[in-house]
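Let me begin by presenting the structure, written as structure tokens, before commenting on it.
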Number of protein chains: 2
Amino acid sequence: MDQIELVRDFNRFYTQRLGVLNDHYLGQGRPLGEARLLFEIGDGADLRELRSRLGLDSGYLSRLLRSLGGDGLVAVGPSPSDGRVRTVTLTAAGRAERAELEARSRDSVAGLLDPLTAEQRERLLEAQAQVRRLMRLATVTIDAGPDDTASARGCLQAYAQELDLRFPEGYDPATLIAPGTLTDGTFLLAREDGRPVGCGLWQGSGPVAEIRHVWVSPDARGLGLGRRLLTALEQDAAAHGITTIRLGTHSALTEAIALYRASGYREIPVDDPSPYNQLVFEKGLVL
Amino acid sequence: MDQIELVRDFNRFYTQRLGVLNDHYLGQGRPLGEARLLFEIGDGADLRELRSRLGLDSGYLSRLLRSLGGDGLVAVGPSPSDGRVRTVTLTAAGRAERAELEARSRDSVAGLLDPLTAEQRERLLEAQAQVRRLMRLATVTIDAGPDDTASARGCLQAYAQELDLRFPEGYDPATLIAPGTLTDGTFLLAREDGRPVGCGLWQGSGPVAEIRHVWVSPDARGLGLGRRLLTALEQDAAAHGITTIRLGTHSALTEAIALYRASGYREIPVDDPSPYNQLVFEKGLVL
DNA sequence: CGGTTTCTCTGACTAGAGTCAGAGGTCATG
DNA sequence: CATGACCTCTGACTCTAGTCAGAGAAACCG
């Protein structure tokens with residue numbers, strides 16, 4: 001079996017097992033759509049928000065809520081801030097039912113873990129975490145785009161804020177590339193499910209260009225996304241005729257430095273106007 | 001988050017990702033039930049067999065096939081061997097459609113693997129295999145039962161056959177415990193999705209009892225099922241007042257010997273009537 | 001050979017999940 | 001205060017998935 005078949009086989013296996021688990025804990029009169037809604041309402045939510053979060057038709061949502069309301073599980077009322085919007089909250093009965101669903105779900109998972117030894121459970125969790133990290137990494141998209149969209153600005157701002165915290169001397173946001181001024185180079189934005197989770201850019205017209213502002217959102221760290229971004233930047237630069245890439249970094253950014261070294265960069269003497277670039281690295285690119 | 005929540009969280013993550021993958025490749029007019037059927041028909045199958053394999057109502061299956069037949073994808077005809085039974089085969093168009101479904105599925109998985117490096121793919125596959133092994137192990141049930149059911153006899157026969165192959169001197173099936181004669185002791189049968197995948201028994205009335213006939217089906221090896229069976233036998237014996245457990249084994253069974261040593265058994269001098277028991281191990285039980 | 005069992009098909013239903021087109025209320029704005 | 005945008009609700013549908021009861025043909029068994 002090749003890799004693709006192995007993954008498909010695992011997917012089949014896992015959906016089947018999950019189906020058994022889910023049928024077991026949801027098999028209690030309540031249709032799936034309503035059960036999902038009970039969870040998503042949480043401590044009250046606007047219908048508008050629920051609709052977009054669950055991707056439901058407004059008529060369908062209305063009907064689901066009426067059904068739940070008929071069983072006394074939810075109460076729908078006007079939003080205090082906007083008279084057009086309606087908010088839904090769980091009643092005591094609704095919270096009880098949600099708690100029962102939660103408990104059933106927990107029980108069915110507990111039943112799964114029960115026959116395993118403590119060490120086997122650890123191994124299962126670690127393997128699941130590994131699968132998840134790699135699948136998250138695989139589904140992050142990296143695309144070139146303008147550096148002055150809201151998402152791009154958000155990433156760059158987060159980057160600046162983080163450096164300001166991590167550098168003993170702080171970080172002056174004016175050091176950032178001015179939005180919209182990147183003409184010789186490419187800005188790459190990484191997204192997970194549409195949400196921006198990282199960025200980076202390269203800049204320069206000659207045979208030598210510089211990589212700057214490589215940043216990965218805290219909740220997407222440990223996936224290997226920094227490396228993917230770096231590789232994507234190198235490939236894009238090489239495709240634009242760049243043969244040597246440089247980058248400067250601060251000695252406080254130890255993980256970044258390790259990544260650069262592991263990616264084939266070698267340190268060169270510092271000759272850089274920026275006070276933050278305490279180390280400079282260089283790598284030759286081949287197309 | 002505790003272990004149960006971590007597993008639930010992974011399940012949510014994986015179903016969501018799988019949903020995206022599946023919607024992508026099955027999003028093409030064909031309802032899920034019919035698509036599944038197209039796969040399961042394979043190179044022709046009896047309706048009776050399909051029904052039991054997929055757990056379908058006979059009326060429902062009939063209708064699904066009529067719909068597929070209306071699109072010219074399948075042909076239903078009488079079975080050559082039994083006039084009551086009908087067989088269904090894929091037409092050329094049906095094979096083409098199935099191939100297209102397969103290709104879409106493969107493409108969507110290939111798209112997932114594509115951004116990963118070769119090493120990351122390896123790690124993903126290994127982690128998936130690990131998850132699968134542990135989940136298989138966790139869902140195997142081990143229950144005490146009579147040793148003369150069809151399932152039990154099947155396991156014991158397979159055990160004898162395998163020993164006959166592995167022992168240079170062969171194995172005499174008469175050495176097996178005679179079915180139905182196990183009075184002092186317990187026969188345990190391991191099942192995966194109802195299918196027997198292993199067995200084992202302990203026997204003896206005194207404070208000392210013997211574990212015999214521990215066997216794991218080849219397709220369930222590497223899961224850790226041997227250890228689960230051994231532990232289950234020890235616990236059952238201890239619960240019946242046994243304080244010392246012994247077992248004899250053959251020097252050709254190296255994995256079994258390793259398992260016994262790792263499980264706290266220590267070798268004792270051989271004092272056993274069976275010529276196959278070249279080594280004897282012993283372990284004290286605590287309730 | 002006749003009765004019983006097995007297998008398939010048909011018709012009549014049900015429930016869940018979701019879509020679509022308005023109706024009518026609420027809000028922001030010129 | 002009129003207008004358009006926004007939000008929710010209702011009624012009328014559709015499609016999928018599945019259940020149930022019974023009819024009719026074929027096979028099996030004594």
Side-chain angles (χ1 to χ4, degrees), chain A residues 15-16 19-20 22-23 25-41 44-71 73-89 97 101, chain B residues 15-16 19-20 22-23 25-41 44-71 73-89 97 101:
Chain A
T15 35
Q16 196 218 322
V20 174
N22 285 341
D23 291 353
Y25 93 87
L26 286 175
Q28 66 134 25
R30 182 77 44 206
L32 203 98
E34 295 183 8
R36 234 169 44 192
L37 206 48
L38 270 183
F39 281 107
E40 291 292 337
I41 288 169
D46 289 352
L47 296 207
R48 175 176 44 177
E49 188 209 335
L50 281 175
R51 244 195 11 250
S52 73
R53 201 161 71 211
L54 296 175
L56 298 176
D57 175 81
S58 79
Y60 184 32
L61 175 59
S62 176
R63 224 172 306 274
L64 284 176
L65 286 175
R66 203 156 40 135
S67 163
L68 286 173
D71 292 354
L73 303 181
V74 301
V76 181
S79 164
S81 58
D82 187 333
R84 292 167 300 183
V85 177
R86 312 244 294 157
T87 31
V88 56
T89 52
E97 173 133 1
L101 283 176
Chain B
T15 36
Q16 197 216 321
V20 174
N22 285 342
D23 292 353
Y25 95 85
L26 286 176
Q28 67 131 21
R30 184 75 43 205
L32 203 97
E34 295 183 7
R36 235 170 43 194
L37 205 49
L38 269 183
F39 281 108
E40 292 293 336
I41 289 169
D46 288 353
L47 296 207
R48 173 176 47 175
E49 187 208 336
L50 281 176
R51 245 195 9 251
S52 73
R53 202 160 71 210
L54 296 175
L56 298 176
D57 175 82
S58 78
Y60 184 31
L61 175 59
S62 176
R63 223 172 305 276
L64 283 176
L65 287 176
R66 203 158 37 136
S67 163
L68 286 173
D71 293 354
L73 303 180
V74 302
V76 181
S79 164
S81 58
D82 186 335
R84 293 169 300 181
V85 176
R86 310 247 292 159
T87 32
V88 56
T89 50
E97 174 134 0
L101 283 175

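Look at Arg66(A) and you'll find a side-chain N or O under 4.0 angstrom from OP1 or OP2 of dT10(D). The side chain of Arg48(A) places an N or O atom within less than 4.0 Å of a non-bridging phosphate oxygen (OP1 or OP2) of dC7(D). For the OP1/OP2 pair of dA17(C) and a distance below 4.0 Å, the side-chain nitrogens and oxygens of Arg63(A) include no atom meeting the criterion. Proximity of Arg86(B) to the phosphate of dA25(D): no side-chain N or O atom is located under 4.0 Å from OP1 or OP2.
Distances were taken from every side-chain heavy atom of Arg84(A) (C-beta onward) to each of dT26(C), dT19(C), dC9(C); the shortest belongs to dT26(C). Residue Leu47(B) places its side chain closer to dC9(C) than to any other of dG16(C), dC9(C), dT8(D).
Atoms CG (Asp82(B)) and P (dA25(D)) sit 16 Å apart, rounded to a whole Å. We find that CG of Asp46(A) is positioned 16 Å from C1' of dC9(D), with the value rounded to whole Å. The nearest whole Å value for the distance from the CG atom in Leu54(A) to the P atom in dG18(C) is 10 Å. A straight line from CG of Leu61(A) to P of dT8(D) spans 8 Å, rounded to a whole angstrom. Rounded to an integer number of Å, the gap from Leu56(B) CG to dT8(C) P is 12 Å.
Looking only at side-chain heavy atoms (C-beta outward), Arg48(A) and Arg86(A) stay at 4.5 Å or farther from each other.
Of the two residues near DNA chain C, Ser81(A) and Tyr60(A), the one whose nearest nucleotide lies more 5' is Tyr60(A).
Here the closest non-hydrogen pair linking Leu37(B) and Leu64(B) is CD2-CB, 3.7 Å.
Distance alone, capped at 3.5 Å, is enough to place a donor-acceptor pair between the Asp82(B) side chain and the Arg84(B) backbone.
Among Leu73(B), Val74(B), Leu68(B), the one residue that satisfies the side-chain contact (heavy atoms from CB on, under 4.5 Å) test with Asp71(B) is Leu73(B).
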